[in-house]
Amino acid sequence: PIAATTLPVWDFTSRLCQDTPLAVTRLVTEQVSCLHDYSLNVRQVKAAEAAQVVVISGAGLEDFLDDLLLDVPTIDASQGISLLHSDEAHEEEEHHHEEDGHHHEEDPHIWLSPENAQVMAQNICDGLSRQYPDYEDTFRANLKDLLTQLEALQSYGEEQLSGLQCRELIPFHDGFSYFAQAFHLTILESVEEESGSETSAKDLIHLTELVRDHNLPAIFTEVSGSDSAAQVIARETGCKVYALDMAMSGDSYFEAMYHNIDTIREALG
């Protein structure tokens, strides 16, 4: 069996394995929007240990798996993708240069760009072909279909979002940089609301001013995250609140991505 960590790599791997007898299990099935403090349960540990190969998204997203994967062959879908720095990481580096400056420097949410997703699909296909050479022709044929669908997703996004009146976003999650880059949007500021730590009053005032200064019609929460701060800002400024999807959980990568494009078009069009 093959195990894949999150929705995007599971979805791509499952599509590549169509018409082969290979079964693909997904390890992370809960509604999550980040894996900072994630730990596997017993079922997941067993599934990972039983796998002949584990497909990971990479770029540091699955740090929590490091110890477990020492003995299992791994396909890293992030190879060859140039990573963006997350804003938080820059601050972190300045403050904790000695301690832990390298921890979340790079933004691992690479799949939110359809062009990166194409590279991921190619990497997974290459890895599967090495692991299961008998099915290489099937993997390659499936890859062609998958790349076509990802190209269509990119074109749809460009077309839908080309004429927006506002191209500036404030998302309540720090993972939307690749999406913004893919469709020429600007993230003014991203607000990471970790569970248990609400946005401070000072930040709320700053964000409220930002929304007013830039005359933003909408701000964006993440479907699995908190929307309390966003609602406060909406009440203050009259902007609307919409939910975007990190596409890490749920049923379909494509569904989440089309949802995001349509949501932004509606919110900022």
Side-chain angles (χ1 to χ4, degrees), residues 6 28 30-39 59-64 83-112 164 166-181 183 185-250 256 259-260 263-264 266-268:
T6 54
V28 179
E30 301 90 328
Q31 279 297 323
V32 288
S33 62
C34 83
L35 296 179
H36 289 324
D37 307 313
Y38 194 79
S39 55
L61 186 76
E62 292 95 348
D63 287 349
F64 64 92
L83 300 175
L84 296 170
H85 279 263
S86 54
D87 305 338
E88 276 193 310
H90 290 313
E91 289 169 32
E92 289 290 313
E93 278 174 77
E94 286 159 32
H95 297 316
H96 311 291
H97 212 67
E98 303 310 307
E99 304 160 56
D100 201 10
H102 63 278
H103 202 54
H104 278 293
E105 280 183 36
E106 272 102 13
D107 180 347
H109 307 94
I110 49 178
W111 59 88
L112 288 171
L164 295 177
C166 169
R167 305 195 74 80
E168 296 173 320
L169 314 190
I170 296 180
F172 280 74
H173 192 291
D174 64 359
F176 285 104
S177 305
Y178 294 97
F179 185 87
Q181 187 185 48
F183 301 114
L185 304 165
T186 303
I187 293 182
L188 287 177
E189 196 149 326
S190 53
V191 188
E192 191 62 46
E193 273 202 306
E194 295 286 337
S195 53
S197 75
E198 295 305 298
T199 309
S200 70
K202 194 178 105 192
D203 287 343
L204 281 174
I205 292 167
H206 164 67
L207 291 165
T208 302
E209 284 170 359
L210 208 55
V211 169
R212 286 203 177 111
D213 291 347
H214 290 262
N215 204 8
L216 300 183
I219 53 179
F220 300 90
T221 57
E222 202 285 326
V223 286
S224 310
S226 155
D227 72 341
S228 50
Q231 294 298 349
V232 172
I233 294 163
R235 281 198 296 277
E236 284 291 315
T237 61
C239 75
K240 290 194 166 129
V241 178
Y242 287 86
L244 296 175
D245 193 329
M246 281 307 299
M248 269 175 78
S249 48
H259 161 83
N260 288 341
T263 300
I264 285 180
E266 187 185 327
L268 302 180

Which pairs pass side-chain hydrogen bond (donor to acceptor under 3.5 Å, both in side chains) with one or both residues in residues 208-220, sequence neighbours excluded?
Glu168-His214
Short question: side chain of Arg235, backbone of Ala230 - any donor-acceptor pair under 3.5 Å?
no
Test item: side-chain donor near acceptor, Tyr38 and Glu30, under 3.5 Å
yes
Derivation and outcome, side chain to side chain contact (heavy atoms under 4.5 Å, CB included), residues Phe176 and His109:
CA-CA 7 Å; Phe176 285 104; His109 307 94; over 6 Å; no
Quick one: pull up CD1 in Ile233 and CG in Leu207 and give me the separation to the nearest 0.5 Å.
4.5 Å
Rounded to the nearest 0.5 Å, what's the gap from SG on Cys166 to CG on Leu216? Could you check?
5.0 Å
Starting from the C-alpha separation in whole Å, work towards a yes-or-no answer on side chain to side chain contact (heavy atoms under 4.5 Å, CB included) for Leu112 and Met246.
CA-CA 7 Å; Leu112 288 171; Met246 281 307 299; 3.6 Å; yes
What residues form a ring-ring contact (aromatic ring centres under 6.0 Å, His included) with Tyr178, not counting sequence neighbours?
none
For the atom pair OG (Ser177) and CG (Leu84), what is the distance rounded to the nearest 0.5 Å?
6.0 Å
Any non-hydrogen side-chain atom of Leu83 less than 4.5 Å from a side-chain atom of Ile110?
yes
Among Thr186, Ile264, Leu188, which residue meets the side chain to side chain contact (heavy atoms under 4.5 Å, CB included) test with Leu169?
Ile264
Is there side-chain contact between Leu244 and Val223, with heavy atoms separated by less than 4.5 Å?
no
Please examine the side chains of Val191 and Asp203, heavy atoms only from C-beta on, and report whether any two atoms are closer than 4.5 Å.
no
What's the spacing between Glu222 CD and Phe172 CZ if we round to 0.5 Å?
13.0 Å
Any chance you could measure Met248, atom CE, to Cys34, atom SG, to the nearest 0.5 Å?
7.0 Å
Please step through side chain to side chain contact (heavy atoms under 4.5 Å, CB included) for the pair Val28 and Ser249, ending with a clear verdict.
CA-CA 8 Å; Val28 179; Ser249 48; 6.0 Å; no
Look at the side chain of Asn260 and the backbone N and O of Asp245, then say whether any donor-acceptor pair between them is shorter than 3.5 Å.
yes
Look up atom CD1 in Ile219 and atom CD in Glu189, then write down how far apart they are to the nearest 0.5 Å.
12.0 Å
Tell me, please, which residues at least two apart from Phe220 pass ring-ring contact (aromatic ring centres under 6.0 Å, His included).
none
Using a 4.5 Å cut-off on heavy atoms from C-beta on, say whether the side chain of Pro217 contacts that of Leu268.
yes
Under the side chain to side chain contact (heavy atoms under 4.5 Å, CB included) rule, what do Gln231 and Val241 come out as? Steps first, then yes or no, please.
CA-CA 7 Å; Gln231 294 298 349; Val241 178; 4.0 Å; yes
